[in-house]
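One structure is given here, and the rest of the page talks about it.
Predicted model only: the values in this text are computed from it and were never measured. Below, read A as the first sequence line, B as the second, and so on, with proteins coming before strands; counting in each chain starts at 1.
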Amino acid sequence: MPELPEVETIARGLDKRVAGDRIESVWIGNKPEPLKSSAAEIVKTLERSRIQRVRRVGKHIVFDLSAPKGTSGTPQWIVHLGMTGRMLVASAGAEPAGHTHLVARLESGRELRFVDPRRFGRLEVRQSAFNGPGKEPTSIALEELVKLFRRRTSPIKAALLNQKLLHGVGNIYADESLFRAGIRPRRRANLVTTAKYAKLHKGLQAVLAEAIAAGGSSVSDYVDADGEEGFFQLQHRVYGREGKPCLVCKTPIKKIVVGGRGTHFCPRWQR
DNA sequence: ATACCGACCTGTCAGC
DNA sequence: TGCTGACAGGTCGGTA
């Protein structure tokens, strides 16, 4: 579900609301997420630690924690929302949503609730710094992006989705940035010209910045930490516009499958 | 080493 | 109305 702009919006909202708060106790459901750390380890790390900061790394939400008195280190709580995950701040009395898998009760009386119907999300605690699987797309330099992609023989769209190269780009923003650059999603990455890479770099950073400014894209069920929807879906140029006219040349937008993912593009404008 | 494809889950919606 | 199947913003592991 959430890609870079949505996770960025959620992380900023969480930081604003829970930074400085302390986790008093943690409840984990009996059908928990596939946890990357054991439930006991998560409870042990979170309980009695203070949330210093909440930020995004790739598509992950990172809670920087200060360890309880008497212990050392700066533990982190890493949350990946998968397709349908939500991290909500709720008042303790509020009715819990279905598929709530973790509740962290805070000193302030509120609760952090992790909700994920499809259970593709992942929860993890770690003691060493988490840097994400790849490079940060919002700040990567053009030369570095070209170096990363140039030798790949996979379709350019599959390369964009590969989190070990750039982390944070998902299906919507891959399609949107390829449209802005005028590149066919199936074009092999090693055959994309330098000039097109310059356009892709520019288009990708522009679309991510615009989407963050709009609070992300709510296609079916994405909401931020306050339960609010984003509105960047209103500015999508190809994603979800199958059959509708291309905004450049009026040709109907086509939908195909690339790398196993639904892919939207203009067959005339994108070459 | 790299790339592809099915599996993992549940909810929703279109079509019959 | 109710059933069935396709599909969904993501990632992983096995196979080619």
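Remark: dC9(B) base-pairs with no nucleotide in the shown strands. Criterion, Watson-Crick or G-U wobble with two distances under 3.5 Å. Both distances falling under 3.5 Å, in either a Watson-Crick or a G-U wobble arrangement, occur for no nucleotide opposite dG9(C).
Distances from the side chain of I172(A) to the nucleotides dT11(C), dG11(B), dG9(C) place dG9(C) closest. Candidate nucleotides dC9(B), dA8(C), dG10(C) were compared by shortest atom distance to the side chain of K255(A), and dA8(C) ranks first. Comparing dT10(B), dG10(C), dC4(B) by their nearest atom to the side chain of S154(A) picks out dC4(B).
dC5(B) and dC7(C) are spaced 15 Å apart, taking the P atom of each and rounding to whole Å. The gap from the C1' atom of dA6(C) to that of dG6(B) amounts to 16 Å, rounded to the nearest Å. Taking atom P on both nucleotides, dT11(C) is separated from dA1(B) by 22 Å, rounded to a whole Å. As rounded to the nearest Å, dC9(B) and dG14(C) have P atoms that lie 15 Å from one another.
Residue contacts shown for S217(A) include a base, since a base heavy atom lies under 4.0 Å away. Counting non-hydrogen atoms under 4.0 angstrom, R188(A) reaches the backbone sugars and phosphates but no base. Counting non-hydrogen atoms under 4.0 angstrom, Y239(A) reaches the backbone sugars and phosphates but no base. In this structure, G170(A) reaches the sugar-phosphate backbone alone: every heavy-atom distance under 4.0 Å involves primed, P, OP1 or OP2 atoms, never a base. At the heavy-atom level, P5(A) lies nowhere under 4.0 Å from the strands shown.
Remark: ring of F120(A) not stacked against base of dT11(C); the cut-offs of centroid gap under 5.5 Å and plane tilt under 30° are not jointly satisfied.
Residues passing the side-chain hydrogen bond (donor to acceptor under 3.5 Å, both in side chains) test with E229(A), sequence neighbours excluded: none. Qualifying ring pair (Phe, Tyr, Trp, His ring centres under 6.0 Å) partners for H201(A), counting only residues two or more places apart in sequence or in other chains: none.
Around NZ of K196(A), the count of heavy atoms belonging to other residues, nucleotides or ligands within 6.0 Å exceeds 12.
If you take CD of E242(A) and P of dA6(C), they are 17 Å apart, rounded to a whole angstrom. Per the geometry, CD belonging to E3(A) stands 8 Å off P belonging to dG9(C), to the nearest Å. If you take CD of Q163(A) and C1' of dG10(C), they are 8 Å apart, rounded to a whole angstrom. The interatomic distance linking R261(A) (CZ) with dG9(C) (C1') rounds to 7 Å, in whole Å. Atom CZ of R86(A) and atom C1' of dG10(C) are 17 Å apart (whole Å). In this structure, H167(A) atom NE2 and dG10(C) atom C1' are separated by 15 Å, rounded to whole Å. Rounding to whole angstrom units, NE2 of residue H101(A) and C1' of dC8(B) are separated by 14 Å. Summarising the geometry, the separation between CG on L4(A) and C1' on dG9(C) is reported as 13 Å, rounded to the nearest angstrom.
For the 3.5 Å distance criterion, the side chains of S154(A) and R152(A) fail to qualify, holding no donor opposite an acceptor. Judged by distance alone, the side chains of K157(A) and T263(A) do bring a donor and an acceptor atom under 3.5 Å apart. In the model, E6(A) has a side-chain atom that pairs as donor or acceptor with a side-chain atom of Y173(A) under 3.5 Å.
Atom OG1 of T100(A) and atom CG of D116(A) lie 10.5 Å apart (nearest 0.5 Å).
Sequence order on DNA chain C of the closest nucleotides to K164(A) and R118(A) puts R118(A) first from the 5' end.
When the side-chain nitrogen and oxygen atoms of T84(A) are compared with OP1 and OP2 of dG11(B), none of them lie within a distance under 4.0 Å. At the phosphate of dC9(B), neither OP1 nor OP2 sits under 4.0 Å from any side-chain N or O atom of H99(A). Contact between the side-chain N/O atoms of H80(A) and the OP1/OP2 oxygens of dG10(C) is not found at any separation under 4.0 Å.
For R152(A) and dA3(B), a side-chain-to-base donor-acceptor distance below 3.5 Å is absent, hydrogens and geometry of angles not being considered.
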